[in-house]
Asker: 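Please see the structure below; I have some questions.
When reading the values below, keep in mind they use all heavy atoms of this one structure, side chains included, and skip hydrogens, waters and symmetry mates.
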Amino acid sequence: MQRSHKLTWKAYVLIGCIALMLMAVPIILRFVNHAPLLISDEPYLHLRAANHITQYGITRIPGMAVDKVSFPPSPYDLLLSIMIKPLGEGISSLILPMILGIISAVLLCYMTHKAKMPRMMVMLTTLLFISTPIFVYTSIVSDDGALLMMLQLLFFTLYPQKKIWSFATSILLSAGITLFGFAHLIIDIAYAIIVSVMLDKSAKRFVVYLFSNLFILGLVLPLINYEPTQLLISTKPNAHLITDFGSPVGVSIFLFVLGIIGAFIIARHQLILFCTGSIVCITALFSPIFYLYATLILSFFAAYAILFIMTRIWVLALVQRFTLLLIVCGILFSFVSYSTNLAASPPDQPMINALLALSLYSNEESVVLTSSSEELYVQSIAKRRTYTNRQESGQEELEKERIANAVFDSYNLNAASQILEQQGITHIYITPSMTNGEVWDAPNRGLALLVYNNETFKSSYESDGYGIWELRSSLR
């Protein structure tokens with residue numbers, strides 16, 4: 001494969017524009033369907049944290065459970081709080097991850113170009129990556145992942161550079177990325193080792209990087225009462241790398257297969273790269289923390305496979321064209337399919353209406369019992385406390401979850417109402433997802449049946465599968 005001439009600024013502008021267009025697809029679909037533009041529950045959590053920073057400064061942020069706890073603001077929350085002042089909450093939560101996504105796309109293009117890859121390889125790797133579900137999700141959902149992606153790509157770009165300021169900046173970046181969790185530092189160290197072996201042919205740079213990083217971490221972390229940021233996408237239940245099998249983020253099975261083909265092709269020339277990439281991808285099958293890195297590697301391997309198909313000599317040119325057309329159609333279909341599913345993600349308008357009704361028919365002293373997936377919506381949109389809180393941990397929270405599950409499954413009206421009173425729960429909030437497998441396998445099961453007893457519960461709202469009931473004893 002022959003190298004092509006350098007990329008011009010027009011290529012970077014083109015990548016940025018394409019990334020923006022891809023990110024805009026789910027947003028436009030939600031706008032057309034009259035759904036809120038903010039997707040998932042993460043943006044509301046970070047808005048709450050950013051608003052707290054705006055009002056009270058960089059202090060620990062109160063939780064929203066009955067027994068309030070606190071958690072430290074993340075770097076993303078700090079950045080979001082700065083944008084909220086001039087732009088407002090909605091616009092800031094919408095455009096901040098998109099800006100970070102565009103920067104990430106341009107950085108990936110620049111990084112692969114500086115690695116002296118052929119221009120076609122650079123463009124293919126970048127285009128494949130920005131069309132993946134994890135890039136689209138991370139770049140439109142207001143969450144820590146957008147900032148992490150940009151910072152990691154900036155580290156990957158600066159570390160191999162020969163200039164001292166680039167190397168020094170990369171060390172500071174790597175230390176800062178540890179705020180997102182030590183697993184990301186492991187990736188940085190692995191990357192530094194690969195650079196030392198493949199480019200430097202010496203361990204000098206790596207030794208300086210490693211000891212400088214450890215010195216900074218040892219000096220700074222005790223002073224800031226370090227507590228790693230937990231990315232919500234890494235804690236979702238039943239998550240896995242392949243989006244076609246139901247994962248909220250990751251890669252399509254089409255890109256996964258194409259990446260495997262490219263990996264075996266590249267293994268003949270770069271065995272170290274093949275082994276390292278394979279280890280990361282295999283690890284990602286079991287740990288969502290590594291999804292981003294596995295997607296980057298699979299995009300590179302898949303681009304290599306496509307370039308191999310494009311540059312090899314075919315007996316029948318028609319077969320080559322058909323193969324390339326099939327690849328393009330597969331990538332486009334995967335992107336459209338994921339974007340459509342993402343656009344249909346909660347919250348939708350019926351959910352917003354129900355949450356506004358919950359806010360209307362309750363007060364600041366109310367405590368709401370609902371499922372774990374609805375907690376952030378209740379806390380942030382309805383601005384009401386929930387009995388359980390997935391942001392908390394510890395024995396007390398586990399006990400609350402056990403009690404909540406017992407009440408959900410109960411058919412004993414007296415026992416259920418007594419537990420609700422003892423725990424200070426005033427409202428029950430039930431959603432369609434709860435009666436479709438999340439809590440019950442059908443409507444009118446357990447507590448979802450008991451709430452229709454008018455002597456014990458008062459119905460405040462019922463529409464589109466959403467329901468709000470108030471414990472009558474709390475009205476006294």
Asker: Does the plane of the ring in Phe408 sit parallel, tilted or perpendicular to the ring in Trp440? Use 30° and 60° as the thresholds.
Answerer: perpendicular
Asker: Quick one: does Arg385's side chain have a donor or acceptor within less than 3.5 Å of a partner on Val367's backbone?
Answerer: no
Asker: Could you tell me whether the side chain of Tyr466 reaches within less than 4.5 Å of the side chain of Pro350, counting heavy atoms only?
Answerer: yes
Asker: For the pair Asn353 and Gln349, evaluate side-chain hydrogen bond (donor to acceptor under 3.5 Å, both in side chains) and give the outcome as yes or no after the intermediate values.
Answerer: CA-CA 6 Å; Asn353 293 338; Gln349 196 57 50; 3.2 Å; yes
Asker: Distance check, rounded to the nearest 0.5 Å: Ile130 atom CD1 versus Ile18 atom CD1?
Answerer: 5.5 Å
Asker: Decide yes or no for Leu153 and Tyr110: does some side-chain heavy atom of the first lie under 4.5 Å from some side-chain heavy atom of the second?
Answerer: no
Asker: Could you tell me whether a side-chain N or O of Arg30 sits under 3.5 Å from a main-chain N or O of Ala343, the two making a donor and an acceptor?
Answerer: yes
Asker: Verify whether one side chain among Ser433 and Glu374 offers a donor that lies under 3.5 Å from an acceptor in the other.
Answerer: yes
Asker: Decide yes or no for Ile352 and Leu356: does some side-chain heavy atom of the first lie under 4.5 Å from some side-chain heavy atom of the second?
Answerer: yes
Asker: Find the distance between CD (Gln152) and CD1 (Ile187) and round it off to the nearest 0.5 Å.
Answerer: 8.0 Å
Asker: Could you tell me whether Glu364 atom CD has more than 12 heavy atoms of other residues or ligands within 6.0 Å of it?
Answerer: no
Asker: Show the numbers, then the answer: is there a side chain to side chain contact (heavy atoms under 4.5 Å, CB included) between Tyr304 and Ile261?
Answerer: CA-CA 9 Å; Tyr304 197 90; Ile261 296 173; over 6 Å; no
Asker: Taking the side chain as every heavy atom from C-beta outward, state whether Thr54 and Lys85 have any atom pair closer than 4.5 Å.
Answerer: yes
Asker: Rounded to the nearest 0.5 Å, how far does CG of Leu79 lie from NE2 of His46?
Answerer: 12.0 Å
Asker: Indicate yes or no for a side-chain donor-acceptor contact from Arg445 to the backbone of Val439 under 3.5 Å, with no hydrogens or angles considered.
Answerer: no
Asker: Side chains of Ser371 and Glu438: donor-acceptor distance under 3.5 Å anywhere?
Answerer: yes
Asker: Quick check: does any side chain N or O of Thr178 sit under 3.5 Å from a backbone N or O of Ser174, one acting as donor and the other as acceptor?
Answerer: yes
Asker: As a quick check of understanding, evaluate side chain to side chain contact (heavy atoms under 4.5 Å, CB included) for Ile279 and Phe290, giving each step before the final call.
Answerer: CA-CA 11 Å; Ile279 291 172; Phe290 297 99; over 6 Å; no
Asker: Would Ser142 and Tyr76 count as a side-chain hydrogen bond (donor to acceptor under 3.5 Å, both in side chains) here? Give the steps.
Answerer: CA-CA 9 Å; Ser142 184; Tyr76 182 84; 2.6 Å; yes
Asker: Look at the side chain of Arg384 and the backbone N and O of Leu355, then say whether any donor-acceptor pair between them is shorter than 3.5 Å.
Answerer: no
Asker: Without swapping roles, check the side chain of Thr138 against the backbone of Phe135 for a donor-acceptor pair under 3.5 Å.
Answerer: no
Asker: Taking only residues two or more places apart in sequence, or in another chain, which ones meet Tyr377 in a ring-ring contact (aromatic ring centres under 6.0 Å, His included)?
Answerer: none
Asker: With under 30° as parallel and over 60° as perpendicular, where do the rings of Trp469 and Tyr452 fit, or are they tilted in between?
Answerer: perpendicular
Asker: Would you indicate whether the side-chain heavy atoms of Asp188 and Phe156 approach each other to under 4.5 Å?
Answerer: yes
Asker: Going from CZ on Phe129 to CD1 on Ile297, what distance comes out if it is rounded to the nearest 0.5 angstrom?
Answerer: 11.0 Å
Asker: By ring-ring contact (aromatic ring centres under 6.0 Å, His included), which residues pair with Phe31, not counting sequence neighbours?
Answerer: none
Asker: For a 4.5 angstrom cut-off between non-hydrogen side-chain atoms, does Leu255 reach Ser334?
Answerer: no
Asker: For a side-chain hydrogen bond (donor to acceptor under 3.5 Å, both in side chains) check, start with the C-alpha distance between Tyr361 and Glu470, then their side-chain angles and the critical distance, and finish with the verdict.
Answerer: CA-CA 9 Å; Tyr361 293 113; Glu470 186 172 4; over 6 Å; no
Asker: Quick one: pull up CG in Leu471 and CD1 in Ile428 and give me the separation to the nearest 0.5 Å.
Answerer: 7.0 Å
Asker: Is it the case that the side chain of Ser345 and the backbone of Leu342 share a donor-acceptor pair, with hydrogens and angles ignored and the cut-off at 3.5 Å?
Answerer: yes
Asker: What do the steps show when you test Asp464 against Asp348 for side chain to side chain contact (heavy atoms under 4.5 Å, CB included), and what is the final call?
Answerer: CA-CA 11 Å; Asp464 299 307; Asp348 54 14; over 6 Å; no
Asker: Angle between ring planes, Phe180 versus His184, binned at 30° and 60°: parallel, tilted or perpendicular?
Answerer: perpendicular
Asker: Step by step, would you call Lys400 with Ile403 a side chain to side chain contact (heavy atoms under 4.5 Å, CB included)?
Answerer: CA-CA 5 Å; Lys400 288 182 180 180; Ile403 294 173; 5.7 Å; no
Asker: Is there side-chain contact between Ile15 and Leu127, with heavy atoms separated by less than 4.5 Å?
Answerer: yes
Asker: Do Ser337 and Asn341 have side chains that approach each other closer than 4.5 Å (heavy atoms only, starting at C-beta)?
Answerer: yes
Asker: Throw together a table of side-chain donor-acceptor distances under 3.5 angstrom for residues 90-109, partners on residues two or more places apart or in other chains.
Answerer:
from, atom 1, to, atom 2, distance (Å)
Ser92, OG, Met83, O, 3.0
Ser92, OG, Gly88, O, 2.6
Ser93, OG, Glu89, O, 3.2
Ser104, OG, Leu100, O, 2.8
Ser104, OG, Met150, N, 3.4

Asker: If I take atom OH from residue Tyr137 and atom CD from residue Glu42, how far apart are they, to the nearest 0.5 angstrom?
Answerer: 3.5 Å
